[in-house]
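Here is the structure we will look at.
The basis for the numbers below is simple: all heavy atoms, side chains too, and nothing from hydrogens, waters or symmetry mates. Chain naming here is simple, since letters A, B, ... match the order of the sequence lines and numbering starts at 1 in each.
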Amino acid sequence: MKKSIVIGSVIISSAVASLAYCSGGGEYEGSKWFKPRPDVAPVTNQLYKNECASCHMGYQPGLLPERSWQKLMTGLDDHFSDNAELTAESYTAILNYLTDNAADKSDYKRSRRIANSLAADDTPLRITDTDYFKRKHRELSLTTITHNAEIGSISNCIACHSQADKGSFNENEIRIPGALGRWD
Amino acid sequence: MKKQTLVSASLLVAIHTPLFAGEQLESTIQLYQRQGNLSFSVEAGKTLWNQEITHKQMPVTRSCASCHGSDVSQSGKHIKTTKVIKPMSPTINPDRFTDQAKIEKWFLRNCKWTWGRECSVQEKGDILRYLSQQ
């Protein structure tokens, strides 16, 4: 009797867990029971936030593969033409955080897709250069972005993806500033 | 009525009393002074703040004000990423200048980007003296 209760509970909790997991997909319509699992692991490291997210959105480590982060971190004195030098101590801590949580080491939906969209010898320094990103944004014209003062650059995720800083890039969260409004 | 006046008066005092930010700022300025028997001025700092340096790469003209703005009581905007930068004025934004390591980090990064070289102790002192009065 006791055993069957245990087995029953296991089955029920597995069903709940898989339902919760499924709701993280693109079909999520909003439920009061399950929050969607963010499609990229949110940033948790305070040092990373302080050092990197002062100048731009704190891009989640799961948006690029490990080899990209390693390459990017070798040139911080010329970081996309800006200076982002770190002390030796912060450098090591941030490099470890980025590589430990990189796209190719993550089990989050979009991280997997980003990692899988790249050839093994492809080491993009920009998230916007990954095949996955390009495919997802192919309907957008670049001039729409650069001519919109509130967006400015395609690297400015948060300008349109309202939950980008939380690692969530679902289509129904898109709000394009100006006349365009919702995307979906 | 009397009570109201008292409250307003204490509020005024609270606003004008140097905050912790100011204490760290003063100790950093004193540290710089000791490094070369230097003296600093608000005017020199203001000139440095708005001084434009020409570069080969975009943006070709750069100054501290490019990102922080000329009026440091207002928010600035990162010239490239457009991310909002909170005011540099310690009166408006008491979170500024509370950590010596942070002050040095930003001087290093931003002097190199803006002027193409590190700032001298004299320049850093003048800039801090200027900002401390804003």
Assess whether a salt bridge exists between [X] and [Y], defined as any Lys/Arg side-chain N lying under 4.0 Å from an Asp/Glu carboxylate O.
X	Y	result
A/E51	B/K102	no
A/K105	A/E66	yes
B/R129	B/E26	yes

Contact origin within [X] toward chain B - heavy atom pairs under 4.5 Å:
X	value
A/N50	backbone
A/D82	both
A/S81	both
A/S90	neither

### Query
Is the shortest heavy-atom distance from the side chain of B/I79 to the side chain of B/C67 under 4.5 Å?
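Contact flag for B/I79/B/C67 side chains = yes.
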